[in-house]
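Since we're looking at a predicted model, the values are computed, not measured. All values below come from the heavy atoms of this structure, side chains included, with hydrogens, waters and symmetry mates left out. The chain is numbered in sequence order, starting from 1.
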Amino acid sequence: MTATPIHGHADAAASAEVRVVGGREVVWFRIAGGKHHGAIGANGSATVERAVQLAGRLQIPLLGELDTSGAELREGVAALHAWGQLARGLVRLSGSVPTLLAVTGACVSGPALALGLFDHVVMTEDAFAYVTGPESVAEFTGMRVSRAELGGAAVHELHSGVVSLVVRDESDAEDALAHLLWYLPDHSLSDPVRCQTHDPTDRDSAVAADAVPTLATSSYDIRVVVRDVLDADSFLEVRGRYAPNLVTGYGTMDGRPVGVVANQPSQRAGTLDIEASRKAARFVAHCDAFNLPIITFVDTPGFEPGRDLEWRGMIRHGAQLVFAYGRASVPRIGVVLRKSYGGAYIVMDSKAMGNDLCVAWPGAELAVMGAGQAAAVLMRRASDEEATAFQADYTERLLNPYVAADRGYVDAVIDPAETRSVVASALAALGSKRERIQPRKHDNTPL
């Protein structure tokens with residue numbers, strides 16, 4: 001591995017260099033060690049800031065490793081100011097080149113906020129990150145928690161969504177960064193590199209077809225479908241334990257890297273909640289920034305109901321997903337597998353949101369709601385026999401993909417076993433897609 005050091009202010013805890021990862025040049029920085037466990041002052045922050053600036057000038061990815069106890073206490077506000085400058089540099093780099101970070105130890109106080117600015121964060125099992133530590137929590141709330149309970153890798157993997165992958169040690173973390181980088185281009189003006197594949201695009205998707213039960217309420221693992229439709233052994237799930245009712249990840253189709261968003265019926269019936277909406281919105285925006293086509297697999301009964309969800313902002317967070325899809329200009333293909341109801345039908349990249357191709361399996365149900373829910377609303381005073389007859393009629397007339405296809409809301413109803421070949425053909429046709437972007441200072445994402 002060749003590396004070219006980036007010369008800057010001397011600081012034992014910070015270093016930066018241009019190195020080769022997976023055959024590609026990247027800017028690599030490291031904050032760790034030193035006298036005070038990676039505590040970073042103005043000089044160390046300046047070194048990393050130079051790395052950020054160089055990645056922007058060279059238009060190559062920025063990768064880093066972090067193990068820091070925070071801003072250097074002995075430098076006071078100067079250290080805070082330096083971290084602020086670094087954060088601003090990361091913001092300016094966002095969406096321009098891929099930014100990937102490995103946390104291999106501590107990441108606490110203000111610098112922990114930087115984790116939210118990277119495209120992907122990998123953490124080792126023993127790493128931890130938090131803005132306010134256990135002592136502050138105990139003083140403010142009276143609750144005593146350990147570092148692992150407050151901000152361990154498992155916490156961020158399951159609850160906060162900060163972490164994309166959790167690995168065993170530092171060596172595995174570097175491998176994970178290289179694996180993530182493999183799907184991404186050097187910068188936003190280039191396409192991801194295609195690879196050779198021996199998986200024919202006209203292969204049938206019989207495994208995917210058999211994996212989906214006919215009964216709309218039966219559970220199954222959507223990842224079986226995703227893996228069968230994509231090139232063999234190409235799927236990498238990210239943020240898998242966070243909001244598991246929705247799956248996000250990378251894969252390839254005919255050797256071309258793509259992003260995947262899919263409802264997960266085996267978790268919370270595949271409903272959309274706040275966390276799932278935020279997870280999907282962030283990933284869709286990321287794929288759009290780096291020219292990855294997006295394939296969306298839809299099987300959801302709708303948004304999850306609940307007073308707590310509404311109070312916490314289901315409307316606002318659901319709108320984040322609407323906004324992300326509506327803004328995306330990369331090729332987008334939607335596959336409705338079994339059901340797509342209500343507001344979730346709209347936000348899961350429906351035809352109305354501007355996708356390039358929307359296909360459905362023959363048993364798919366596209367409607368405002370299911371037959372039972374519709375009967376509960378419209379037939380509240382009816383007898384059991386009348387309600388049963390209503391549901392049968394509702395199912396026959398409305399709960400099928402052909403009504404949507406007649407109106408142009410679905411482009412085609414396809415044989416499930418042909419899903420891979422249909423999606424691959426569509427992606428090939430959309431390879432030269434370009435959209436005119438509306439000129440403006442910036443949009444106003446519903447954060």
task = Under the salt bridge (Lys or Arg N to Asp or Glu O under 4.0 Å) rule, what do R227 and D233 come out as? Steps first, then yes or no, please.
result = CA-CA 7 Å; R227 291 189 180 102; D233 302 320; over 6 Å; no
ask   = Under the side chain to side chain donor-acceptor pair (under 3.5 Å) criterion, do T296 and Y325 qualify, and how do the steps go?
value = CA-CA 10 Å; T296 305; Y325 270 125; 2.8 Å; yes
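When side chains are defined from C-beta on, L399 counts as touching Y394, because their heavy atoms get closer than 4.5 Å. Looking at heavy atoms from C-beta onward, L272 lies in side-chain contact with V347 at the 4.5 angstrom threshold. Side-chain contact between E304 and L309 is present, with heavy atoms from C-beta onward closer than 4.5 Å. Side-chain contact between P416 and P362 is present, with heavy atoms from C-beta onward closer than 4.5 Å. Here the side chains of I294 and V284 are in contact, with some heavy-atom distance below 4.5 Å. The shortest side-chain heavy-atom distance between W361 and T419 falls under the 4.5 Å cut-off.
Between the side chains of Q59 and S96, a donor-acceptor pair is found at a separation under 3.5 Å. If you check the side chains of T104 and E65, you find a donor sitting under 3.5 Å from an acceptor.
For F29, there are no ring pair (Phe, Tyr, Trp, His ring centres under 6.0 Å) partners at least two apart in sequence or on another chain. Applying the salt bridge (charged side-chain N to carboxylate O under 4.0 Å, His left out) rule to D199 yields the partners R203, R420; only residues at least two apart in sequence or on another chain are considered. Applying the salt bridge (charged side-chain N to carboxylate O under 4.0 Å, His left out) criterion to R312, with sequence neighbours excluded, gives E275, D308. Not a single salt bridge (charged side-chain N to carboxylate O under 4.0 Å, His left out) links D169 to another residue, sequence neighbours left out. Every residue was checked against the salt bridge (charged side-chain N to carboxylate O under 4.0 Å, His left out) condition with R88, not counting sequence neighbours, and none meets it.
Salt bridge status for E237 with R223: present, with a side-chain N to carboxylate O gap under 4.0 Å. A salt bridge is absent between R168 and E125: the closest approach of a Lys/Arg side-chain nitrogen to an acidic carboxylate oxygen does not fall below 4.0 angstrom. For the pair D443 and R327, the salt-bridge criterion is met [side-chain N within less than 4.0 Å of a carboxylate O]. Ion pairing between R147 and E149 fails under the 4.0 Å rule for side-chain N and carboxylate O.
Shown here for F303 and A344, the closest heavy-atom pair between the two residues is CE1-N, 3.5 Å. Across D299 and P265, no two heavy atoms sit closer than the pair OD2-CG, 3.9 Å.
The number of heavy atoms from other shown groups lying within 6.0 Å of CZ (R381) does not exceed 12.
Contacts classified as salt bridge (Lys or Arg N to Asp or Glu O under 4.0 Å) and involving residues 255-266 (residues at least two apart or in different chains) are not found.
Checked against the 6.0 Å centroid criterion, the rings of H120 and Y250 qualify as a close aromatic pair.
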